[in-house]
*Asks:* 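This structure is in structure tokens; I'll ask about it shortly.
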Amino acid sequence: MSWARQIHLKSPDDLQIMREAGRINASVLATVKALLKPGVSTADLNAAAEEVLKKHGCVSPFKGYGHPPFPTSITVSVNQELVHGIPSRKRKLKTGDIVSIDCGTILDGFVADSAFTAGVGDISPEAETLLKVTEGALNAAIEKMRVGNRTGDVSAAIQKHVENHGFYVTREYTGHGVGRQMHEGPQVPNYGRAGTGMPLKAGMTIAIEPMVLVGTAETKVLSDKWTVESADGSLTAHFEHSVAVTEGEPLLLTVQ
Ligand code: MG
Ligand code: MG
């Protein structure tokens, strides 16, 4: 992938803008999370997200992205849908669903990218565990975002955490550098070997995004050309933060 070779280190000024973009993105996600109730359509979630973006004078890099152009500002992926689900008026949430929301925000030319998965009402114990493990994998990966480590340390932390709990990581969709473009280098897969890959440097900003499946690592793309599902129909989850490497602690960009 050509974008994976373009690595742009961010200045403190750049990081300040990205932090603000991340704050707005987090408020979009918080708004959507509060709406996850039975009977709400996935298009309603997109409409609410667009309202928050508009209030801040921002747009999402998702809208119009790719081929065919992605039609909405957030992706909504329910249960076996792993990523890139297209919001629809016909798709109504039900009690027990788990819903992955991914959103991007562009502010002053910089992108923030973040995602979470949450349940609608009571969810199964398996679903609870899946959410906990996937978020845990993200936290383990963030902890590795330090000068002196390499991208393989981040990838390995995700894979190890997920596989230790008996789940699977996707091989096909990866974390990525983020900045003036939604996708920059370095590419950060959800699997890998510690001590390999690109050395992390202060000023690198990476969207880390474990995508986890209960029963298989295999996925398929639906006929809408976007929605990615687990090949076996098992549950999936996705958590993502945009994170900056600094001389000290990892800096979480996509929190309020
Ligand atoms: Mg994302
Ligand atoms: Mg991303």
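Indexing begins at 1, ligand by ligand and atom by atom, following the structure's order. We use all heavy atoms of the structure for the numbers below, so side chains are in, but hydrogens, waters and symmetry mates are not.
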*Asks:* Can you list the residues that meet the ring-ring contact (aromatic ring centres under 6.0 Å, His included) rule with His161, with sequence neighbours excluded?
*Replies:* His165

*Asks:* Does Gln181 CD have over 12 foreign heavy atoms under 6.0 Å away?
*Replies:* no

*Asks:* Do other residues, nucleotides or ligands put more than 12 heavy atoms under 6.0 Å from the CZ atom of Arg171?
*Replies:* yes

*Asks:* Assess His176: does it contribute an N, O or S atom lying under 2.8 Å from the Mg ion (ligand 2)?
*Replies:* yes

*Asks:* I'd like to know if Leu251 and Val178 are part of one continuous hydrophobic network [Ile/Leu/Val/Met/Phe/Trp/Tyr, side-chain heavy atoms within less than 4.5 Å].
*Replies:* yes

*Asks:* So, Ser234 and Asp232: side-chain donor and acceptor under 3.5 Å apart, yes or no?
*Replies:* yes

*Asks:* Are Thr117 and Phe239 close enough that some pair of their side-chain heavy atoms sits under 4.5 Å apart?
*Replies:* yes

*Asks:* So, at under 2.8 Å, which protein N, O or S atoms would a careful student list around the Mg ion (ligand 1)?
*Replies:* Asp102 OD1, Asp102 OD2, Asp113 OD1, Glu240 OE1

